[in-house]
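Comments concern the structure below.
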Amino acid sequence: PLPRGEEIYDLREVLAIPIPWGRGPVLLLSVLAGWFLLRWWWVRRGNSSDKPVPQPPDPLEVALKEMQRLRKSTAWVELQVKDVGEHLTRIFKTYLYQKFALSLGVGATSGELIKDLKEQQVDELLIQEVARLEEVNDGVKYARGSLGLLTIEELYQSYLELIQRTDWRP
């Protein structure tokens, strides 16, 4: 600042200097600089979008692990046929839903499962085997509480073979 009473004469007013390439490039550079700054901040926070997205587990592997876990469960050891049958059905329906988008998953009744398999044009022999196993399980679950002529090991192996099949889609 000037001392009191002093003046500067012949000062011109402030003029904007015209830029020959206009405002667009300046705006573009400002946006890019802001984006790089935001990206740098995001990476420093540890929320980088460059991290690999975890892949969902393979439904076959999950089903096989569940089958193995069932064999080690108290229901298997104590031969609780009803519980083992329910677990096998749950594992099987979940596998079909996750791997092949068949049926409604665990929430499907046996009838809905068979109906959906027919609608999806699954091989008739597969449908018959599923219907047979579901009928046995429904009988155990709702009526008699025994597998009839089947053993618990045979029921397990039948479901295991169905899960390991890959020809559910025509």
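Under the 4.5 Å side-chain heavy-atom criterion for ILVMFWY residues, no single connected hydrophobic cluster contains both V62 and I163. Put simply, V136 and L160 are part of the same group of oily side chains (I, L, V, M, F, W, Y) that touch within less than 4.5 Å, one to the next. Cluster membership for L104 and L96, using ILVMFWY side-chain heavy atoms within less than 4.5 angstrom, is not shared. Y156 and L79 fall within a single hydrophobic cluster, where Ile, Leu, Val, Met, Phe, Trp and Tyr side chains are chained together by heavy-atom contacts under 4.5 Å. Cluster membership check: V106 does not share its hydrophobic cluster with L88, using side-chain heavy-atom separations under 4.5 Å among Ile, Leu, Val, Met, Phe, Trp and Tyr.
Annotation for L126 and L162: closest pair CD2-CD2, 3.8 Å, computed over non-hydrogen atoms. Between D83 and A75, the shortest heavy-atom contact is CB-CB, 3.9 Å. Between Y95 and P59, the shortest heavy-atom contact is CD1-O, 3.6 Å.
Looking only at side-chain heavy atoms (C-beta outward), W41 and L37 stay at 4.5 Å or farther from each other. Residues S110 and E135 have side chains not in contact (no heavy-atom distance under 4.5 Å, counting atoms from C-beta outward). In this structure the side chain of R71 reaches within 4.5 angstrom of the side chain of E153, judged on heavy atoms. Using a 4.5 Å heavy-atom threshold, the side chains of E119 and D116 count as touching. Looking only at side-chain heavy atoms (C-beta outward), Q120 and L117 stay at 4.5 Å or farther from each other. V130 is listed as a side-chain neighbour of F92, based on a closest heavy-atom distance under 4.5 Å. Residues Q164 and M67 form no side-chain contact, since every pair of their non-hydrogen atoms from C-beta on lies 4.5 Å or further apart.
Atom NZ of K115 sits about 9.5 Å away from atom OG1 of T109, to the nearest 0.5 Å. One distance of note links NE2 of H87 with NZ of K82; it measures 11.5 Å at 0.5 Å rounding. Annotation: the span from I91 atom CD1 to K65 atom NZ amounts to 13.5 Å, rounded to 0.5 Å. Here the straight-line distance linking atom CD of Q128 with atom CG of L133 works out to 12.0 Å at 0.5 Å rounding. Remark: L113 CG to E134 CD distance equals 5.5 Å, nearest 0.5 Å. In this structure, NZ in K93 is found 8.0 Å from CD in E112, a value given to the nearest 0.5 Å.
Between Q157 and E161, the side chains place no donor N or O within less than 3.5 Å of an acceptor N or O (distance only, hydrogens not considered).
A 6.0 Å sphere centred on OH of Y97 holds no more than 12 heavy atoms belonging to other residues, nucleotides or ligands. Heavy-atom contacts from other residues, nucleotides or ligands closer than 6.0 Å to CZ of R132 number more than 12.
A search for side-chain contact (heavy atoms from CB on, under 4.5 Å) contacts involving N137 returns T89, L155, Y159, not counting sequence neighbours. For E86, the salt bridge (Lys or Arg N to Asp or Glu O under 4.0 Å) criterion is met by no residue, not counting sequence neighbours.
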Inset, instruction - Carefully, step by step, assess E61 and K99 under the rule salt bridge (charged side-chain N to carboxylate O under 4.0 Å, His left out). - result: CA-CA 11 Å; E61 290 177 23; K99 182 77 173 185; over 6 Å; no
